[in-house]
Amino acid sequence: MKKSNKHTSGSFFGTLLCKVFVLIMALITIFPFVYMILASLMTFQEATSIPPTLIPAEPQFSNYSEALKQAPFARYFLNTIIVAGCSTCGTMFTCILSAFALVKLQFKGKNALLMCMAALLMVPYEVTVFTNYQTIAQLGWLNSYQALIVPSLASIFYTFYLKEYLTSVPISYYKAAKVDGCSDWEFITRIMISLCKPALFTMTILSFISGWNSFLWPILVTNDTNMRLLSNGLTSFATESGTNVQLQMAASAISIIPILIIYLVFRKQIIRGVVKSGVKG
């Protein structure tokens, strides 16, 4: 009986410790975002005070309109939506086709191709970025949407992500479709996409967020204000606005609000897609 009580007590304190740890980590993670929102509503004196002010005495919602006046954020938003949207559509298209080929089709060199693709995942992005830049420059695509979109129309990571999900789909579905006279394209559009909706939804959201937050590549291939994306525009605004910390915080809040809304609306679908991608039938 004593051993049972000790075990129960140890389990209780272990669970409590885990919950406290998760709570502390959550607070550490959330605090910068919460403070950013609060600082965006402060006056200049409050935002730069030492020790820092945590809650504004009177919310200054005019900071948002002032930030929008000082930089063409509407143009930045438009560019970011176009680039992130086109990149996401292209990534989904290429990944669906490549994942289907890797899982359902048999061809020579398939294993070697998989090994090469897996090896490329280990190569840091910074190693290839300058080669891509040189290619874009030789094509004369600098300061254009092509330069921002074309290099991100395919993703090995998402191809493998979808491939792992497709392995849980019985091969008998594909064989039965072929017996019924269904072409590969018809199988993809009418059957496979329906079966992979959770994974595709997660890929779409994550790919769009990645494109929305893209920073290094856009700053390399564009130097025209009209071609800046939101992340690059924020960097320029932070430099141009000088010590107006409250305006910088307001601009940062404006940039992340759409992504937060997307995540909050579709968080269940995202989590479901991530969980199911690790389950094999």
Side-chain angles (χ1 to χ4, degrees), residues 32-33 36-37 39-41 60-96 125 129 132-133 135-155 157-158 200-242 244-267 269-270:
F33 298 99
M36 178 186 65
I37 300 297
S40 69
L41 299 173
Q60 304 293 316
F61 293 101
S62 59
N63 289 341
Y64 288 89
S65 59
E66 186 64 25
L68 291 173
K69 288 179 183 178
Q70 293 194 14
F73 281 102
R75 179 70 185 188
Y76 299 160
F77 267 101
L78 177 63
N79 291 341
T80 307
I81 290 172
I82 292 174
V83 172
C86 292
S87 298
T88 299
C89 292
T91 299
M92 292 301 101
F93 181 77
T94 57
C95 287
I96 288 172
Y125 173 71
V129 68
N132 290 338
Y133 174 81
T135 303
I136 292 298
Q138 290 174 350
L139 291 172
W141 285 357
L142 296 178
N143 288 314
S144 67
Y145 285 118
Q146 302 97 289
L148 294 168
I149 296 172
V150 172
S152 57
L153 290 180
S155 171
F157 173 79
Y158 288 125
L200 292 175
F201 191 90
T202 302
M203 288 170 57
T204 300
I205 296 297
L206 296 179
S207 179
F208 186 84
I209 292 174
S210 177
W212 187 276
N213 295 329
S214 180
F215 178 79
L216 178 59
W217 180 248
I219 206 171
L220 284 175
V221 297
T222 61
N223 53 26
D224 186 350
T225 303
N226 291 327
M227 292 305 301
R228 285 177 181 166
L229 300 191
L230 199 54
S231 56
N232 309 126
L234 281 173
T235 303
S236 301
F237 178 74
T239 303
E240 295 165 2
S241 61
N244 290 325
V245 178
Q246 76 282 9
L247 298 185
Q248 296 172 17
M249 293 295 184
S252 299
I254 291 171
S255 68
I256 69 166
I257 285 174
I259 293 299
L260 288 178
I261 292 174
I262 290 174
Y263 175 75
L264 292 174
V265 172
F266 300 111
R267 66 187 184 280
Q269 290 86 342
I270 294 173

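- Counting only heavy atoms from C-beta outward, the side chains of W141 and V221 never approach each other to under 4.5 Å.
- Considering only heavy atoms from C-beta on, Y158 comes within 4.5 Å of L206 through its side chain.
- When all heavy atoms of G85 and F208 are compared, the closest pair comes out as N-CE1, 3.9 Å.
- Note that the CG atom of L200 and the CD1 atom of I205 stand 12.0 Å from one another [nearest 0.5 Å].
- Listed here is the closest heavy atom pair of W217 and A147: NE1-O, 2.7 Å.
- Contact record, Y125 with L216: CE2-CD2, 3.9 Å, taken as the closest heavy-atom pair.
- In this structure, the side chain of S214 does not engage the main chain of S210 through any donor-acceptor pair within 3.5 Å.
- Note that OG of S236 and OH of Y76 are 5.5 Å apart. Values are rounded to the nearest 0.5 Å.
- Heavy atoms of other residues, nucleotides or ligands lying less than 6.0 angstrom from CZ of F77 number more than 12.
- Atom CD of Q146 sits about 8.5 Å away from atom CD1 of I136, to the nearest 0.5 Å.
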**Request:** Might you work through the side-chain contact (heavy atoms from CB on, under 4.5 Å) test for N232 and M227, ending with a clear yes or no?
**Result:** CA-CA 10 Å; N232 309 126; M227 292 305 301; over 6 Å; no
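- The CG atom of L247 sits 8.5 Å away from the OG atom of S62 when rounded to the nearest 0.5 Å.
- To the nearest 0.5 angstrom, R228 atom CZ is 8.0 Å from T222 atom OG1.
- Remark: side-chain polar atoms of N223 are not paired, donor with acceptor, to backbone N or O of N143 under 3.5 angstrom.
- Residues F33 and I256 meet the side-chain proximity criterion, which asks for heavy atoms closer than 4.5 Å.
- In this structure the side chain of W212 reaches within 4.5 angstrom of the side chain of P258, judged on heavy atoms.
- Residues A250 and Y64 come closest through the heavy atom pair O-CE2, 3.7 Å.
- Of all heavy-atom pairs spanning R75 and Y145, the tightest one is NH2-OH, 3.6 Å.
- For the pair T80 (side chain) and L230 (backbone), a donor-acceptor distance under 3.5 Å is present.
- Considering all non-hydrogen atoms of both residues, L220 and V129 come closest at CD1-CG2, 3.6 Å.
- Once rounded to the nearest 0.5 Å, the distance linking CG of L229 with OG of S255 reads 12.0 Å.
- Within the 4.5 Å cutoff, the side chain of S155 has heavy atoms near those of the T91 side chain.
- Here the side chain of T94 pairs a donor or acceptor atom with the backbone of L153 at under 3.5 angstrom.
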